[in-house]
2 protein chains.
Amino acid sequence: MNMKIGTLASHTGLSIQAIRYYEQQELVPTPGRSSGNYRIYDETSVKHLVFIKHCRNLGLSLEEIKALLRVRTKPDETCSEINHIIDHHVAVVDRRLTELQELRQQLGALRTKCGENQAAKDCGILRELFEITSP
Amino acid sequence: MNMKIGTLASHTGLSIQAIRYYEQQELVPTPGRSSGNYRIYDETSVKHLVFIKHCRNLGLSLEEIKALLRVRTKPDETCSEINHIIDHHVAVVDRRLTELQELRQQLGALRTKCGENQAAKDCGILRELFEITSP
DNA sequence: ATTGACTCTCTAGCGACTATAGGGTTTATG
DNA sequence: CATAAACCCTATAGTCGCTAGAGAGTCAAT
Ligand SMILES: [Zn+2]
Ligand SMILES: [Zn+2]
Ligand SMILES: [Zn+2]
Ligand SMILES: [Zn+2]
């Protein structure tokens, strides 16, 4: 049942340093220690960290995850903050998507300016980068 | 013709600190100094920094920009490295786009799990985040 | 002479870790 | 039982591309 940090790391797929970092940032409760000062975890710790990992995979920041975890400890309050966080995050992702799509298009256009191996002084990409004034 | 760093900053739209940072990272040549130890720039500096700014707007890293600038100083070599950099960068952007699109879809699906303000213990979002095991 | 606007260097901070150094602990093997 | 391998500890520095600040110096105008 009990395990040390290495086992927890392989059970969760997180790195040992990441787990210690989450502890320092107060996303996970301070674990107990063995006689040799090793951190001791159990199955609850695994679930807790898998929750965090899943949120990180969705791109949530540690502060956002912290807020979700806080709400989880107050099961009788409303979950409006949760909806708020997800909605905000969706908006951020949408904005970033739009930016990246524009970028992609500009890069594609730029790439067509050079056929293959020309002399650098004749390279259409360099010319374009040097001449274009603003996006 | 000559100008100090503040003027250069407003001519290029970059911050003063960014310009000094580019100098430190050797993306721009060490500028001359006035008697009072102020950096002195000219029109060439403006073009140089606008080039950098344009590349940054395309998401290129400072190292990539450094490589482009190096090629520009060797006008008789081939521009194959330039194509290489752009191609690599397009690939990075494409990968990131795919990731973000998946993320967006997962977030959208997650958001539908909660109607509006329920009690936190009944919130479908929290439940989903806690139960889903892997992406 | 004193303000104010500008500039200088140096340092710390952001986010979310990773990597290293220099130790201590536990476990397995001979 | 001794030793080596594997594991763990803390503390610190580094990543990237800047931003923000402290504390000092310079230059123009009033
Ligand atoms: Zn967010
Ligand atoms: Zn070319
Ligand atoms: Zn790139
Ligand atoms: Zn809810």
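Keep in mind that what you see is a predicted model, and the values were worked out from it rather than measured. So that the names make sense, note that chain A is the first sequence line, chain B the second, and so on, each numbered from 1.
In this structure the side chain of A/Tyr22 reaches within 4.5 angstrom of the side chain of A/Ile52, judged on heavy atoms. A heavy-atom distance below 4.5 Å is found between the side chains of B/Leu58 and A/Leu110. In this structure the side chain of B/Ile40 never reaches within 4.5 angstrom of the side chain of B/Met3, judged on heavy atoms. Within the 4.5 Å cutoff, the side chain of B/Leu8 has heavy atoms near those of the B/Ser45 side chain. The shortest distance between side-chain heavy atoms of B/Leu103 and B/Leu100 falls below 4.5 Å.
Take B/Glu63 and apply the side chain to side chain contact (heavy atoms under 4.5 Å, CB included) test, not counting sequence neighbours, and it matches B/Ser61, B/Lys66. With sequence neighbours excluded, the residues forming a side chain to side chain contact (heavy atoms under 4.5 Å, CB included) with B/Thr78 are A/Asn117, B/Ser80, listed by chain and number. For A/Asp122, the salt bridge (Lys or Arg N to Asp or Glu O under 4.0 Å) criterion is met by no residue, not counting sequence neighbours.
For DNA chain D, the neighbouring residues in residues 5-18 of chain A, judged by any heavy atom under 4.0 Å, are A/Ile5, A/Gly6, A/Ile16. The stretch residues 59-72 of chain A touches DNA chain C through A/Ser61, A/Leu62, each having a heavy atom under 4.0 angstrom from the strand. At a non-hydrogen distance threshold of 4.0 Å, B/Arg33, B/Asn37, B/Tyr38, B/Arg39 from residues 25-39 of chain B come into contact with DNA chain C. Scanning residues 85-94 of chain A for heavy-atom distances under 4.0 Å to DNA chain C yields an empty list.
The two residues B/Ala120 and A/Val71 have their closest heavy-atom pair at CB-CG1, 3.7 Å. Taking all atoms of both residues into account, the shortest heavy-atom contact from A/His89 to A/Gly59 is CE1-O, 2.9 Å.
Scanning DNA chain D 5' to 3' for nucleotides with an atom closer than 4.0 angstrom to a non-hydrogen atom of chain A gives a first and last hit of D/dC7 to D/dT10. In 5' to 3' order, the nucleotides of DNA chain C bounding all contacts with chain A (an atom under 4.0 Å from a heavy atom) are C/dA16 to C/dT26.
Geometric assessment of B/Arg72 against the ring of B/Phe51 yields a positive cation-pi assignment under the 6.0 Å and 45° thresholds.
Between the side chain of A/Arg56 and the backbone N or O of A/Leu60, at least one donor-acceptor pair lies under 3.5 Å. Using modelled atom types, one side-chain atom of B/His11 and one backbone atom of B/Thr7 make a donor-acceptor pair closer than 3.5 Å. A donor-acceptor pair under 3.5 Å links the side-chain atoms of B/Arg111 to the main chain of B/Cys114, judged by distance alone.
If one axis is set at each end of the helix from C/dA1-D/dT30 to C/dG30-D/dC1 from five pairs, those axes are 30° apart, to 10°.
Sorted by first and then second residue, the salt bridge (Lys or Arg N to Asp or Glu O under 4.0 Å) pairs involving residues 36-53 of chain B (not counting sequence neighbours) are B/Glu23-B/Arg39. Pairs of residues two or more places apart, or lying in two chains, that qualify as side chain to side chain donor-acceptor pair (under 3.5 Å) and include a residue from residues 26-38 of chain A are A/Arg33-A/Asn37.
To the nearest 0.5 angstrom, A/Thr44 atom OG1 is 11.0 Å from A/Leu49 atom CG.
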For this session: Any chance you could lay out the side-chain contact (heavy atoms from CB on, under 4.5 Å) test for A/Arg20 and A/Gln25, step after step, and finish with the verdict?
Result: CA-CA 9 Å; A/Arg20 289 199 281 240; A/Gln25 299 300 304; over 6 Å; no
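A continuous path of ILVMFWY side-chain contacts below 4.5 Å connects A/Val46 to B/Phe130, so both sit in one hydrophobic cluster.
Nearer the 5' end of DNA chain D, as judged by each residue's closest nucleotide, is the contact made by B/Tyr21, out of B/Lys4 and B/Tyr21.
In this structure, B/Arg20 reaches the bases: a heavy-atom distance under 4.0 Å links it to at least one base atom across the strands shown.
Annotation for B/Lys121: atom NZ counts as buried by contact number, over 12 foreign heavy atoms lying within 6.0 Å.
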